[in-house]
Structure formats: structure tokens, C-alpha cells
Number of protein chains: 2
Amino acid sequence: MATIKDVCKLAGVSKATVSRVLNSTGQVKKSTADAVYQAISALDYKPSSLARALATNSTNTIGLVVSAFEGAYFSSLLRKASQTTLQAGKQLLIMDGGHSSASEQLAIESLVERKVDAVILYTRQIPEAVLKQLMNDLSIPLIIINQQVEGFEERCISFNQYEAAQQAAEYLLSKGHKEFACITGPESSINSHLRLQGFQDTLIKYNLQTCTAYHGDYFTQSGYHACNELLASKQSFTAIFAANDNMAMGAIRALHDAGLQVPQDISVLGFDNDPAGEFTIPSLTTIMLPVEEMAYTAVKQALQLIDKQEISTIALFSGNLIVRESVDHL
Amino acid sequence: MATIKDVCKLAGVSKATVSRVLNSTGQVKKSTADAVYQAISALDYKPSSLARALATNSTNTIGLVVSAFEGAYFSSLLRKASQTTLQAGKQLLIMDGGHSSASEQLAIESLVERKVDAVILYTRQIPEAVLKQLMNDLSIPLIIINQQVEGFEERCISFNQYEAAQQAAEYLLSKGHKEFACITGPESSINSHLRLQGFQDTLIKYNLQTCTAYHGDYFTQSGYHACNELLASKQSFTAIFAANDNMAMGAIRALHDAGLQVPQDISVLGFDNDPAGEFTIPSLTTIMLPVEEMAYTAVKQALQLIDKQEISTIALFSGNLIVRESVDHL
DNA sequence: TTGTATGCGTTATCAT
DNA sequence: ATGATAACGCATACAA
């Protein structure tokens with residue numbers, strides 16, 4: 001690997017000059033600049049981003065830590081984030097956040113040490129108090145997707161889970177359903193709670209009985225199992241609200257195996273708008289979650305913070321009902 | 001951020017000594033070592049991985065570049081690779097390879113500059129000749145997933161696409177099918193060609209007519225559209241071989257929309273063993289592709305190469321038929 | 001316009 | 001056992 005020194009020798013100039021033409025900072029005579037370019041291409045010289053980072057305390061990079069790679073949701077997130085970052089002339093470095101608060105924090109730390117200019121965290125594990133502290137202590141901007149942190153609203157990209165679940169309930173009610181079951185996410189998940197809460201509150205608002213909740217883990221299989229439990233419990237219901245599309249699909253299959261047709265016998269409403277849901281049989285009525293917009297916004301916000309620009313506060317993103325086949329009127 | 005200097009001052013020792021206790025290289029009196037530890041924790045000092053990388057020319061990191069984040073396939077890949085790397089005490093840095101040979105190479109370069117100890121590349125774009133050159137020129141090991149490079153077999157983790165497609169064809173034939181259609185990947189994809197070739201060659205072997213191929217892009221929607229084209233062409237067929245599960249699902253839906261039942265009227269065979277395929281209606285008969293094993297092997301091989309250990313040559317991975325509902329006998 | 005010198009935070013080679 | 005000091009490859013303030 002050729003270094004700046006080699007270029008100096010070949011071009012007959014000093015490191016400062018090479019650095020100048022490289023970063024186009026300061027004035028350089030055209031002839032010497034040309035000589036430098038000559039040397040650079042002759043040696044196939046590439047400045048070491050590492051050394052540069054050490055000297056400038058910044059790379060041209062944004063870090064992203066995600067805590068799981070499951071499902072269409074994360075595919076979209078990563079793709080859009082990567083694309084947006086690239087378009088801004090920066091690079092995106094992705095790390096796995098693992099399955100604990102500690103490992104998420106480790107990933108963040110590692111990224112910070114690598115001198116990324118900002119880190120975007122899709123968190124599932126770190127408690128709000130810790131996040132607050134991180135946002136205060138870290139020398140670079142930290143943007144959070146999927147959670148609100150009090151006092152740092154401009155750095156939080158999140159989704160109105162509660163309102164979306166209300167939408168879901170309202171729709172089901174409008175179709176004449178009155179008895180429900182829920183397949184929701186893990187008990188530990190805040191957002192899972194919010195979705196459930198939004199759903200239940202709406203039922204209460206209409207003087208209906210709240211529904212029992214079965215917990216899954218967002219994988220298709222867990223939806224299948226949860227629905228089987230539900231069926232075994234012999235309770236009466238005409239519609240299921242699932243906390244994501246995967247579990248909705250699992251539930252539909254469980255109903256199918258029990259000889260029940262969706263939506264003729266039971267309606268199922270999903271969440272996420274997984275692209276596959278458009279083509280399943282029956283296709284999935286679901287709540288669209290604008291992941292790509294959220295990823296885009298997260299990166300944009302990061303870029304603004306890096307440039308020390310005015311930070312615009314961000315509204316909670318909200319869901320949209322996608323009406324397809326899996327919900328029918330009673 | 002506290003640096004090594006601060007530790008020096010507080011502990012009353014030199015940089016060399018701090019470095020010694022940090023890396024446990026060389027002898028240090030217990031008392032002074034303790035003093036250093038004291039200072040370190042008092043200042044919450046973390047050595048800069050960047051500076052360390054500059055000095056040692058190596059980080060404890062493996063780089064992974066993937067060219068797309070679509071589908072369950074990549075989720076598994078990323079998850080398993082990350083997990084395996086972590087278990088080996090290293091970190092995994094992931095970068096998007098984008099959609100061109102150039103961007104893939106850029107990602108590799110960027111990772112190399114960051115002094116990762118090895119890079120694993122899931123390639124879709126870079127031609128073999130370029131890969132060969134990269135493997136020769138790069139100062140660190142480059143492991144390739146999804147393509148064979150002549151002369152570097154120990155560094156290539158790939159899948160016997162051809163044989164898997166043969167399996168698929170044999171199975172369909174064993175069920176009495178004789179007229180087929182294929183929905184395959186993009187024309188540019190080598191593996192897509194291999195799958196198609198394996199399928200066609202098997203038909204030829206049994207003196208059957210080869211089938212026409214429709215190209216998709218591995219997304220569900222493209223399977224849907226391809227199948228509609230197929231249907232519009234009015235050709236006669238009793239089974240469809242799709243190059244991945246997503247497209248198989250899209251095809252099934254297209255058939256459904258055309259009033260055709262799977263598998264009663266038409267059989268559909270997928271590829272990948274997407275976890276969701278177990279729960280679709282009908283569930284998907286498919287070829288399992290051992291992504292996780294491949295990811296695991298890639299990381300393990302990388303680790304061996306980093307340690308300059310003997311490199312064990314790797315056999316081509318092969319697929320396994322998963323029999324479910326979407327294929328029936330004629 | 002160009003060069004010198006210093007710093008970035010480590011590791012590593014010498015001495016001592 | 002420990003301490004100077006030179007690398008590592010670059011940026012940059014200051015001189016010239």
C-alpha cells in the first residue's frame with residue numbers, strides 16, 4: 001500500500017502539499033497539483049481512511065445498529081437507510097445489536113470508537129433512561145428509531161402504535177365484529193403493549209369487552225401456535241388482531257387447519273404491510289407501517305445533526321389501513 | 001474521552017507500561033499494574049480502536065458485504081454470520097454492496113481500509129475475473145459466498161444450484177408431471193441460469209420437452225406477473241418450478257386469481273425454504289438451501305485464514321427437498 | 001504557493 | 001520492570 005510519503009517523493013513535494021491537493025484546501029500551483037495527481041495515479045495511492053479519521057476525528061460514515069434482521073420490515077429499513085446515506089455521499093456501517101441491552105450498547109460503542117459521524121439505533125432493548133444518558137454523553141448524534149425519549153424528540157423516529165391499533169379496532173368494529181382475540185408481541189416489548197392497549201381501549205370506548213391476548217415473537221410460527229392455543233381455549237370470537245403480518249399468516253393457517261375459513265368464518269387483521277401479504281390466500285388486510293419513510297427520515301435527521309443544522313422536530317409517523325381480503329363483515 | 005496519556009499521568013507511569021498491562025505483553029510489577037487499572041477505571045478509559053488499528057494494522061473485525069437485503073434468505077445469513085463472529089470474539093461490520101459491481105468493490109475497499117481482518121462477500125455482480133484479482137491483490141483474506149472462483153475453492157462457499165434444480169425436476173417427474181413452466185431469476189444471474197439449466201437438463205434426460213422460462217426478480221410480485229404472462233401464453237403445463245419461494249407464492253396467487261387451484265389443478269415447487277412457506281395456503285413444497293450453514297462456514301473459514309491456519313477445502317453445499325402441499329401427483 | 005512541525009492515540013523497539 | 005521514542009498515515013497551524 002502506497003502512503004502519502006511515497007506520493008511526496010515521487011512528486012517531489014511535501015506531505016502538506018499532497019494533503020492540500022487531496023482535500024482541495026489551500027492554494028496549489030496547477031503544475032505541482034498535476035505532478036501530485038500523476039504520482040497518485042502512478043502509485044494507485046488511496047489515502048488511509050483510518051489515519052484520516054484519527055487526525056480529523058471523523059469519517060464520512062453513519063453507523064446503524066439493528067437488533068434483529070427478521071422479516072421484510074428490516075430489509076426495507078436497511079435498504080432505504082443505506083441508499084439514503086449513499087446519496088448523501090456518506091457510507092453506512094451496519095452492526096448487529098444482538099438480543100440484549102448490553103450488546104446493543106456495545107455495538108454503539110464500537111461504532112463510536114470507529115469515529116462514525118452519527119449513529120442510528122433501531123432499539124428493542126435499551127431502557128429509556130439509558131438512552132437518555134447515551135444521548136447526553138455521546139460525542140456524536142444518536143438517532144433512535146422505534147422509541148420516544150423524553151426531551152430528545154427531534155432525535156426520535158417513531159410510530160404511533162397506539163393510534164394505529166385504534167384504527168385497526170375501528171375498522172373491525174365497522175365491519176360488525178364484536179368479539180375479538182389478539183395475538184401480540186413479546187411481553188417485554190413496549191410497542192407490543194402500545195398496540196394492544198390501543199386496541200383494547202377502543203373496545204372499551206365502545207362498551208365492548210376487552211379481548212384476551214396471546215403472546216408471540218413476531219415469527220410466523222408463533223402466530224400459528226398462539227392461534228392454536230386460542231382455538232383450544234374455546235372462547236368465542238369472530239376476528240383476530242395480530243401484531244404483525246407474519247403472525248397473522250400463521251394464525252390464518254392455524255384457522256385453516258382447524259377447518260375455519262378466513263374471512264368467511266373468522267377475520268384476521270395484520271400489521272406491517274409485508275409485501276408478501278398482497279399475494280397470500282387470502283391476501284392480508286393490514287396496517288401499513290411506513291418503514292422506508294422512517295429510515296429516510298432517520299438518515300436525514302442524522303445528516304442535519306452532523307452538519308449542526310437546525311434540527312426540525314419530527315412528528316410521530318402513523319399507520320394506514322390497507323384493505324384486502326382477510327377481513328370481512330360479520 | 002480519556003486517552004492513554006491521562007492514564008499515564010494519573011497512574012504515574014509511561015505509555016509503554018499502560019500498553020503493557022492493557023495487552024498483557026511483557027512483565028509488569030503487580031503494584032504498578034494495579035495502579036494502572038485504578039486509573040483506567042477512574043477515568044473510564046477505553047483504548048481507541050482506531051489508533052490501535054493504525055498501529056497494529058488490524059482490528060478484531062470481520063467485514064461482510066451483502067448485495068441485497070431481501071427476504072428471509074438474507075436475514076438468516078446476517079444473523080448467523082453475526083452470531084458466529086461474535087462467538088469467536090470478533091465483531092462483524094456489515095456494508096451494503098448495492099446493485100453494481102463497482103459499488104460492491106467500493107464496499108470491499110472501504111472495509112479493507114478500515115483494517116478488517118477479512119471480508120466475506122455475498123456477491124451478485126462482480127465477475128469471476130475481477131474476484132480472482134481481488135483475492136490475489138488484497139492484503140487480507142476474501143471469502144466469497146454464492147460463487148465459485150477457479151483456483152480459490154477453499155475461499156468459496158457455494159451451493160450446488162444445478163443439482164438442486166435436478167432434484168426439483170426429478171421430484172416433479174416422480175409425481176407424473178410432464179409439462180412444465182419455469183419462473184426463474186434475472187437473466188444476469190449466474191445462479192439463476194444454473195437452476196434453470198439443471199431443471200431443463202433433467203427434462204431432456206427423460207426425453208421431455210424443455211420448458212419456457214419467465215424471468216422474475218425474486219420478489220413476490222414478479223412471480224405473480226410472470227405467472228400471469230405464462231397463463232396468457234395459453235401454453236399447456238401442469239407444474240411450475242419457481243426459482244425462489246417468494247415468486248412461487250406470487251405464482252400461486254396468480255393461479256388462484258385465474259380460478260386455478262394449487263395443487264389440484266397446477267403444482268408449484270419453490271426454492272429457498274422460506275420459513276413462511278410452511279404456513280401459506282397451500283404450504284410450499286420447496287428446496288431447502290442451507291444458508292445458515294453456509295454463513296457459519298464462511299465465518300469459520302475466514303477465522304482460519306486470519307489465523308493462518310491450514311485451510312480446509314469446502315464441498316459444495318447441496319439442497320434438500322421439503323415436501324409440503326403445493327405439489328401433488330398428476 | 002509551499003514546507004516544517006506537531007498532533008491524533010496507539011503499539012513496539014530500544015535502552016536503562 | 002520501566003521509560004523514551006519512533007513508527008502508523010494523515011491533517012493542519014504556522015512559517016517561510
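Residue numbers begin at 1 in each chain, while the letters A, B, ... track the order of the sequences. The shown structure was predicted, so the numbers you read here are calculated from the model rather than taken from an experiment. In what follows, every heavy atom counts, from backbone to side chain, and hydrogens, waters and symmetry copies are set aside.
Without hydrogens or angle criteria, B/Ser19 side chain to B/Lys15 main chain gives no donor-acceptor distance under 3.5 Å. Between the B/Glu104 side chain and the B/Ser67 main chain, no donor and acceptor come within less than 3.5 Å of each other. A donor-acceptor pair is defined here as one N or O able to donate and one able to accept, closer than 3.5 Å; such a pair exists between the side chain of B/Thr32 and the backbone of B/Lys29. In terms of modelled atom types and a separation under 3.5 Å, the side chain of B/Ser158 and the main chain of B/Ile145 share no donor-acceptor contact. Between the side chain of A/Ser58 and the backbone N or O of A/Asp117, no donor-acceptor pair lies under 3.5 Å.
Under a 4.0 Å N-O distance rule, the pair B/Glu292/B/Arg79 qualifies as a salt bridge.
Residue A/Lys9 contributes atom NZ, which lies 15 Å from atom P of C/dG3 at whole-angstrom precision. Taking atom CG on A/Asp34 and atom P on C/dT1, their separation rounds to 14 Å, with Å as the unit. In this structure, CG of B/Leu54 is placed 11 Å from P of C/dT11, rounded to the nearest angstrom. B/Arg114 places its CZ atom 22 Å from the P atom of D/dC8, with the value rounded to the nearest Å. If you take CG of A/Asn60 and P of D/dC10, they are 16 Å apart, rounded to a whole angstrom. Rounded to whole Å, atom C1' of C/dT10 lies 15 Å from atom NZ of B/Lys115. If you take CD of A/Gln27 and P of D/dT12, they are 16 Å apart, rounded to a whole angstrom. Rounded to a whole Å, the CG atom of A/Asp6 is 13 Å from the C1' atom of D/dC10.
The phosphate of C/dC8 has neither OP1 nor OP2 within less than 4.0 Å of any side-chain N or O from B/Ser48. Not one side-chain nitrogen or oxygen of A/Thr56 sits closer than 4.0 Å to the OP1 or OP2 atom of D/dA11. Applying the 4.0 Å criterion to OP1 and OP2 of D/dG3, one finds that B/Ser14 has a side-chain N or O inside that range. A sub-4.0 Å separation between OP1 or OP2 of C/dT11 and a side-chain N or O of B/Ser19 is present.
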Could you run down the sub-3.5 Å N/O contacts of the protein with nucleotides 13-16 of chain C?
none

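Only one option out of B/Leu93, B/Thr61, B/Val299, B/Ile120 pairs with B/Thr85 in a side chain to side chain contact (heavy atoms under 4.5 Å, CB included); it is B/Val299.
Nearest-nucleotide mapping onto DNA chain C: of A/Lys29 and A/Lys15, the residue sitting toward the 5' end is A/Lys29. Each of A/Gly12 and B/Leu22 has a nearest nucleotide on DNA chain C; the 5'-most of these lies closest to A/Gly12. Each of B/Ala51 and B/Ala33 was matched to the nucleotide of DNA chain D holding its nearest heavy atom; the match closer to the 5' end belongs to B/Ala33. Where A/Arg52 and A/Lys5 each meet DNA chain D at their nearest nucleotide, the meeting point lying more 5' is that of A/Lys5.
In this structure, B/Val13 reaches the sugar-phosphate backbone alone: every heavy-atom distance under 4.0 Å involves primed, P, OP1 or OP2 atoms, never a base. Looking at heavy-atom distances under 4.0 Å, B/Lys46 makes contact with sugar-phosphate atoms alone, never a base. Counting any heavy atom pair closer than 4.0 Å across all strands shown, B/Thr25 reaches no nucleic acid atom. Looking at heavy-atom distances under 4.0 Å, A/Asn23 makes contact with sugar-phosphate atoms alone, never a base.
For B/Ile4, whose side chain is taken as the heavy atoms from C-beta onward, the closest listed nucleotide among C/dG7, C/dT1, C/dT11 is C/dT11.
Defined by atom type and a distance below 3.5 Å, a donor-acceptor pair is missing between the side-chain atoms of B/Glu293 and B/Thr297.
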